[in-house]
2 protein chains.
Amino acid sequence: MNAINRTHIVRLSAAALLLINLAGSATAQSSLGGKLELEDEGGFFVNPRKVSSAYPGASLATGPAAPGSITVNQMYVHYRIPAGPKGVPLVLVHGSNHTGMTYETTPDGREGWATWFVRQGHPVYVVDHSGRGRSGFNPTPINAVRDGGADPKSLPTLFMGTLERAWSNFRFGPEYPKPFSNLQFPIEALDQYLAQLVPNTETTLEGGGTNTVEALAALIDRVGPAVVMVHSQSGVYGLDLVRRRPDKVRALVSIEGGCETLTQDDVGKFFAKVPFTSVSGDNSVGANSVNGDQRRGGCLKAVNLINGGGGRATFLLLPDNGIPGNSHMMMMDKNNLQIAGLIRKWIGEQVR
Amino acid sequence: MNAINRTHIVRLSAAALLLINLAGSATAQSSLGGKLELEDEGGFFVNPRKVSSAYPGASLATGPAAPGSITVNQMYVHYRIPAGPKGVPLVLVHGSNHTGMTYETTPDGREGWATWFVRQGHPVYVVDHSGRGRSGFNPTPINAVRDGGADPKSLPTLFMGTLERAWSNFRFGPEYPKPFSNLQFPIEALDQYLAQLVPNTETTLEGGGTNTVEALAALIDRVGPAVVMVHSQSGVYGLDLVRRRPDKVRALVSIEGGCETLTQDDVGKFFAKVPFTSVSGDNSVGANSVNGDQRRGGCLKAVNLINGGGGRATFLLLPDNGIPGNSHMMMMDKNNLQIAGLIRKWIGEQVR
């Protein structure tokens with residue numbers, strides 16, 4: 001055996017040892033890009049309201065519940081406060097059919113935006129919309145129909161995006177199961193992604209999505225001024241939040257969020273002092289879906305309106321900036337941290 | 001002004017400075033008892049199943065969805081892997097009307113069991129039952145009735161514990177609003193606690209709660225053998241999990257979980273090798289509620305059955321061990337970390 005062969009053997013052994021170490025640890029490999037050191041972490045709720053329920057349903061174990069008080073409209077908040085020097089706090093708000101899981105580990109097991117921003121020093125607050133996920137919802141209108149106290153036509157619709165609808169609306173491809181050729185979404189982990197979709201149960205709440213806006217206002221009242229990031233359905237919630245708390249939204253980042261409700265009047269009253277950016281992915285030009293030309297065009301118009309009214313707004317169409325292939329779920333795309341870096345740079349320029 | 005007065009003034013100023021520092025940080029004070037250093041943290045799903053939905057409901061923004069595929073039965077898993085040497089992994093499973101929030105920050109803002117066990121070196125996996133919270137559920141049976149495709153009597157019941165029912169069943173007091181005189185539950189934070197209650201939407205899934213058992217089996221298949229902690233409703237899920245994976249449950253910790261399904265046959269087949277402990281709080285003797293004499297008596301019987309069959313089981317009634325006043329929600333009680341310490345000591349004795 002010559003020296004070259006011996007070296008080769010030594011290298012193999014080192015690789016084998018590494019594999020043994022990885023297999024022996026609690027996870028085969030970390031999703032995070034580095035250690036996460038937290039001064040504080042946990043959960044709380046904002047915006048709870050006590051209401052009476054005439055139809056709280058029945059426990060399968062212990063039988064029907066008598067009418068009584070239940071809590072509705074609350075919003076679940078998961079907070080992570082990094083150890084060390086702090087950047088500006090961020091509030092991350094998901095879109096339709098999703099929960100805060102949107103911003104956590106990607107479907108293919110890479111780091112999401114929530115922990116990445118924390119590891120850059122930002123306190124981060126990830127929420128579940130009021131009436132969705134860990135925020136719960138009001139089952140009374142459904143139990144009332146079951147127990148004969150209301151008409152079936154009074155049932156709220158509990159929208160659940162199907163795989164086929166998600167595929168085109170979230171721009172994985174033109175239609176299921178065909179992907180775009182330059183797609184950045186980790187389509188090989190589609191099953192993990194679909195598992196995070198939930199029904200839009202905020203329709204069971206009086207006021208529906210408005211409760212999320214009120215809860216976000218309560219959140220920044222509690223934790224102090226913050227940069228707020230909204231996605232898709234919550235784009236218009238972000239605009240409403242700026243209208244309610246123009247002095248507490250340090251900047252609004254809209255990831256393919258709807259901009260259609262912004263008016264000239266809003267600009268003078270609220271948006272002249274709140275920096276705004278709208279970020280759009282690829283493959284939306286000519287796309288016949290909710291996240292296509294109309295939404296993107298509406299946001300370009302809003303950006304121009306704000307800039308024309310003395311504010312500071314940016315429209316960032318990723319493929320026009322040399323970044324092709326991003327889907328509507330860009331916080332999970334393979335280049336998700338590249339986009340997070342662009343957003344963090346923008347925040348740094350706008351928020352002092 | 002003499003020297004004594006000057007000293008007094010200096011002390012006041014230091015206190016004032018401390019207050020300013022606290023107000024200026026992102027949180028007024030940490031919920032954690034110390035820094036949380038994580039090698040990895042994030043979320044994933046186990047046990048997803050693709051099914052077709054004829055009634056996926058309608059988006060309020062973009063209209064009705066065509067029938068298609070949706071994902072059901074999945075279980076959301078939030079994992080935290082501590083930096084440094086690792087203890088045995090723990091899986092924490094909540095009870096009826098709750099989510100994984102059960103084990104997070106307490107309603108009055110103190111540290112919960114999840115992060116405490118992580119800070120003692122245990123990888124910790126906190127789940128939301130299949131069909132609940134961030135695990136989503138199947139809205140099809142509800143939308144079908146709304147859209148005229150099914151009879152109202154076919155609607156699943158969506159049980160939601162009322163405040164009044166929770167008060168007596170979870171043993172905050174004999175009846176709302178009277179608390180037990182020695183109550184350890186932080187009743188001053190009741191509004192925060194009630195905000196974490198959600199409807200039991202697993203009734204929308206074929207198989208109901210069985211999906212949670214199957215998902216827990218899939219979880220320990222994925223992450224490896226672990227100590228599993230169950231609470232209340234999930235007590236019987238824990239027994240079922242041991243029947244399915246006797247070689248992968250390192251120990252079963254039941255916090256006021258039901259034990260009534262355990263048989264002599266189970267002991268010989270499964271429980272002779274899986275250490276078991278049942279922990280009960282105070283004020284349940286003679287209590288006319290689900291978490292009273294019957295449940296506690298059933299667990300004492302199960303413990304005796306296991307010990308009689310060659311296994312290792314412990315029955316821990318806290319007030320008999322000098323710890324009075326604990327509620328059914330002892331992981332949130334004011335002495336929650338004292339109880340966590342007892343459980344960790346038991347785990348250390350049983351799991352090598």
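Below, chains carry the letters A, B, ... as their sequence lines are ordered, and counting in each starts from 1. What you are looking at is a predicted structure, and each value in this text was computed from that prediction instead of being measured. Atoms considered below: every heavy atom in the structure, side chains included; atoms not considered: hydrogens, waters and symmetry mates.
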Ranked by heavy-atom pairs below 4.5 Å to chain B, first place among A:Gly42, A:Gly68, A:Pro64 goes to A:Gly68
Whatever's closer than 4.5 Å to a heavy atom in chain A on B:Ser53 counts as neither
If one checks every heavy atom of A:Gln196 against chain B at 4.5 Å, the contacting part turns out to be both
Heavy-atom closest pair (B:Phe159 atom, A:Ala65 atom, distance to 0.1 Å) is CE1-CB, 3.7 Å
One should read off an interatomic distance between A:Phe44 CZ and B:Glu104 CD, to the nearest 0.5 angstrom, of 13.5 Å
Cut-off 4.5 Å, heavy atoms of chain B, and the answer for A:Thr115 is side chain
Nearest heavy-atom contact between B:Pro199 and A:Gly136 is CD-CA, 4.5 Å
Applying a strict 4.5 Å limit to non-hydrogen atoms, the region of A:Ala226 in contact with chain B is neither
Could you check whether the rings of B:Phe137 and A:Phe137 sit parallel, tilted or perpendicular, using 30° and 60° as the cut-offs? parallel
In terms of heavy-atom pairs under 4.5 Å with chain A, the winner among B:Val72, B:Val46, B:Asn47, B:Asp128 is B:Asp128
Between B:Pro48 and A:Ala195 the two heavy atoms that sit nearest each other are CB-CB, 4.2 Å
Counting heavy-atom pairs under 4.5 Å with chain B, the top scorer among A:Arg134, A:Gln233, A:Glu164 is A:Arg134
In terms of heavy-atom pairs under 4.5 Å with chain A, the winner among B:Gly100, B:Gly34, B:Pro67 is B:Gly100
Q: Give a yes or no on whether the backbone of B:Ala58 and the side-chain of A:Thr157 come within a donor-acceptor separation of less than 3.5 Å.
A: yes
In short, A:Glu39 meets B:Leu32 closest at the heavy-atom pair O-CD1, 4.2 Å
In terms of heavy-atom contacts, B:Ser31 and A:Glu41 come closest through OG-O, 3.6 Å
ask   = Just wondering, are more than 12 heavy atoms of other shown residues or ligands nearer than 6.0 Å to CD in A:Glu175?
value = no
Assert top hit (heavy-atom pairs under 4.5 Å, partner chain A, pool B:Pro156, B:Gly209, B:Ala166, B:Gly109) equals B:Pro156
**Prompt:** Are the side chains of A:Thr99 and B:Tyr76 in touch, meaning some heavy atoms are under 4.5 Å apart?
**Reply:** no
Okay, A:Thr203 and chain B: the region with an atom under 4.5 Å from a heavy atom over there is side chain
The interface call for B:Arg80 against chain A, heavy-atom contacts under 4.5 Å, is side chain
Pair count under 4.5 Å, heavy atoms only, with chain A: among B:Leu60, B:Asn143, B:Val198, highest is B:Asn143
### Task
Determine whether A:Thr71 and B:Leu197 make a side-chain contact, defined as any pair of heavy atoms from C-beta on separated by less than 4.5 Å.
no
Honestly, the part of A:His78 sitting under 4.5 Å from a heavy atom of chain B is side chain
To the nearest 0.5 Å, atom CG of B:Asp40 lies from atom CD of A:Glu111 at 8.5 Å
Cut-off 4.5 Å, heavy atoms of chain A, and the answer for B:Ala66 is backbone
Okay, B:Thr201 and chain A: the region with an atom under 4.5 Å from a heavy atom over there is side chain
Rounded to the nearest 0.5 Å, the CZ atom of A:Phe45 sits from the OG1 atom of B:Thr105 at a distance of 9.5 Å
For A:Ile142 and B:Leu155 the tightest heavy-atom approach is O-CD1, 3.8 Å
Max heavy-atom pairs within cutoff under 4.5 Å with chain B, candidates A:Ala114, A:Gly57, A:Ser52, A:Gly224, goes to A:Gly57
Whatever's closer than 4.5 Å to a heavy atom in chain B on A:Pro107 counts as neither
If you define the side chain from C-beta out and look only at heavy atoms, does anything of B:Ser59 sit under 4.5 Å from A:Arg165? yes
By residue number, those in residues 146-154 of chain A with heavy atoms under 4.5 Å from heavy atoms of chain B are A:Arg146, A:Pro152
**Prompt:** Does any N or O in the side chain of A:Thr162 come within less than 3.5 Å of the main-chain N or O of B:Ser69, such that one atom is a donor and the other an acceptor?
**Reply:** no
Q.
If you define the side chain from C-beta out and look only at heavy atoms, does anything of B:Asp191 sit under 4.5 Å from A:Lys50?
A. yes
Does CD belonging to B:Gln294 count more than 12 external heavy atoms closer than 6.0 Å? no
